[in-house]
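For reference, the structure discussed in these notes is given below.
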Number of protein chains: 2
Amino acid sequence: MAEVKPRRATAPKATVKDIARTAGVSIATVSRVLNNPDLVAADKRRAVQRALSRHDYIPNRTARAMVSQRSRAIGLIVPTLANPLFVPSIAAIEQELDRAGYALMINCHERDPAREVAQARMFIERGMDGLLITGSDHLPELPALLARHRMPYVTQDIALDTPMGPSIALDSVGALNAAIDHLHALGHRRIAVFSGPIHDTPTVNDRFVSAIARIQHHGLPCPEAWRVVTEDYSNHATRAAARRLLNGGERPTAVALTGDILGLGLTTECRAHGFDVPHDLSIIGCGDTNMGEYVDPPLTTVRMPFVDMGRTAARHLLALISGERPPKLTVLPYELIIRQSAMAPAKLKRPRLKQA
Amino acid sequence: MAEVKPRRATAPKATVKDIARTAGVSIATVSRVLNNPDLVAADKRRAVQRALSRHDYIPNRTARAMVSQRSRAIGLIVPTLANPLFVPSIAAIEQELDRAGYALMINCHERDPAREVAQARMFIERGMDGLLITGSDHLPELPALLARHRMPYVTQDIALDTPMGPSIALDSVGALNAAIDHLHALGHRRIAVFSGPIHDTPTVNDRFVSAIARIQHHGLPCPEAWRVVTEDYSNHATRAAARRLLNGGERPTAVALTGDILGLGLTTECRAHGFDVPHDLSIIGCGDTNMGEYVDPPLTTVRMPFVDMGRTAARHLLALISGERPPKLTVLPYELIIRQSAMAPAKLKRPRLKQA
DNA sequence: GAAATGCCTGAAAACGTTTTCAGCAAACCG
DNA sequence: CGGTTTGCTGAAAACGTTTTCAGGCATTTC
């Protein structure tokens, strides 16, 4: 029956008010000690600091954000984490933001553009200071929403078309073209394209289509049988597709991949058919990961600088937030990594014996 | 000289107050329409809704968080994104949280325990409703800090020792032991351990040490030459280590890896020495990724359920936040995946010719 | 010795919500 | 018809900060 103060059991959570009371000053002074210590006289400052550590005070950034109207947090929208393609980019972003004192919120939309818009809206609700948007196909609603609410954002694309805002791009199509040019320069005249599923990922489709165009641009044939698309990225599907390529009539002397991962199944299937890579078939990747280094033979590929992309995107966004005007479009260079899976094509009647 | 209202150029950002004004009601009513529409009369409700869409109103969750004292966001602390080991777990967490209407903040500490504590503190400042902490070695300061500020948290470990709070664990040591048991059951009596660097990752060290113990537990020898540690995870270092193993005096008939990735370099080096995997040497991994599926021969390994781990951790944390008491320790089962890199050891005098 | 200057401090407003409380009108009950 | 309930509404407080403003006191300046 005695009057008990409610919620004494739960966290008392020291606030500036508590600090002010035990230090015998006003909350304004506490705030000043926190943010601008030399504005306050030495004795009071010490008293406040003692109170702060006695209470083991932790400031409330939510309240801070209310008054400053800045959260010092940014939101990252990424198509998916299911394939680890974007992970190095995310790591770089996290590192860059952490260094600048910004926190990072992440959302995946699993390639559902409507969900992407919803997540952007959520980031607006949460008062993010800026957004990093990954991927290249968005609803027109998205830039409209962001503009209406004056939300700074930078996109990171793997394609060059129509960036919405300031954009960091990898020239994914150019990269695969460069791979084909490399094969051509090595002397290959029968080049096939081996691609992962082209329906769900626009980037992959772009690579596939433009690779074919590039082959023809060199005046070479690229018959249907040399345009292979796997069912999915599993080893099983990859090997099945590889079988179709290797068993079909005339064999190519080189294969360009839309993604490095495909090289594993293709190489395995080659071996199973008794073909040696690269002697009987050259393989060149297009670099999503650094996996190519580990396989046998090490994969010649075109590396895409995902880490740079993330870092640059983060920096440009921070610049944008602080009022600067970063470049509208930044294209990062790909890099041909020559390893051992591609070589000049064997002479037609080359003896198969290694010596003599 | 004319008095101009300041900051008219910048975002007017509609608030409940604006909505209330144009709808001719009080802000309380607007709030009610937003959160509890049937509390307000139909005509006013319609007026408010019209005003809401006219202003294209987006609520401010920061303000909401201030009064409700809940952010509906959780923080994830992860050692590093540099290796993609934890990514599937993160993906599962993101998905689970998104479904529950929670946002996700991520921070990496790059295995610096002091930074980990700082990041936990930052999450407290930001009013996270709960924390998900990955990895197994923490400063004692960390649980103390979390307890003092009554921050709910769940840890996901890859080791079983001394969880701080409710914990989801993968029995990483048990998994590699199971791998060794499997080799033993196949008939192998000369088993080597092949490990990545054991200094920076406690988990790897634990696996390494306990694998040796397990081999000896079976009454088998495990001489120094059969305990190989690579310099790092690069292909170069892996192959160098593999050379040491293959060139050293008596060769093992089987090798257990502390991580799947090592299988690639080891297999390549075996081939270079003219040894066939698995005929001349069985290899068994310990599953960090699903990469084993892609390599040649497909890697027999022990799979660790990272996706389950993330999902379970997220669910337990949400339960904890809503006042339930999730189990103190949840150990998720590993799974032996039998592929083709391990088989019974060849008879000593087995003819090397395939037929006859 | 008065005025001006500078330093330090506290009261109060503000940020955008939700929620409590009390008030008012209409409806219901006897 | 009086009293009670019910349904709806708005004023105001609260959440934890930062910041503006004005005032107090000590020191300097003439």
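Hydrogens, waters and symmetry mates play no part in the numbers below; they use all other heavy atoms, side chains included. Sequence lines set the chain letters: A, B, ... in the order given, protein chains first and strands last, and positions in each chain run from 1.
The two residues A:T203 and A:S136 come nearest to each other via the heavy atoms OG1-OG, 4.4 Å. In terms of heavy atoms, B:G101 sits closest to B:R72 at O-NE, 3.8 Å.
Listed by first then second residue, pairs satisfying salt bridge (Lys or Arg N to Asp or Glu O under 4.0 Å) with a partner in residues 47-56 of chain B read A:R148-B:D56, not counting sequence neighbours. Residues in residues 34-44 of chain A take part in these side-chain hydrogen bond (donor to acceptor under 3.5 Å, both in side chains) pairs, two or more places apart or across chains: A:S31-A:N35. Applying the salt bridge (Lys or Arg N to Asp or Glu O under 4.0 Å) test to residues at least two apart or on different chains, the pairs with a partner in residues 308-327 of chain B are B:E96-B:R315, B:D308-B:R311.
From the 5' end on, the contacts that DNA chain C makes with chain A at under 4.0 Å to a non-hydrogen atom open and close at C:dC8 to C:dG16.
There is a side-chain donor-acceptor pair under 3.5 Å between A:T155 and A:S167. In the model, A:S89 has a side-chain atom that pairs as donor or acceptor with a side-chain atom of A:Q156 under 3.5 Å.
Comparing B:R64 and A:V25 along DNA chain C, the residue whose closest nucleotide (by nearest heavy atom) sits nearer the 5' end is A:V25. When each of B:T29 and B:S68 is assigned the nucleotide of DNA chain D bearing its nearest heavy atom, the one mapping closer to the 5' terminus is B:T29.
The pair B:D18-B:K13 fails the salt-bridge criterion, with no side-chain N (NZ, NE, NH1 or NH2) lying under 4.0 Å from an Asp/Glu carboxylate O.
Under the 4.5 Å side-chain criterion, counting only non-hydrogen atoms from C-beta, A:H55 is in contact with A:T22. B:I58 places a side-chain heavy atom less than 4.5 Å from the side chain of A:R121.
For the helix from C:dG1-D:dC30 to C:dG30-D:dC1, the terminal axes (five pairs an end, C1' atoms, rotation from four pairs onto the next four) enclose an angle of 50°, given to 10 degrees.
Residues from residues 31-51 of chain A with heavy atoms under 4.0 angstrom of DNA chain D, sorted by number: A:S31, A:R32, A:N35.
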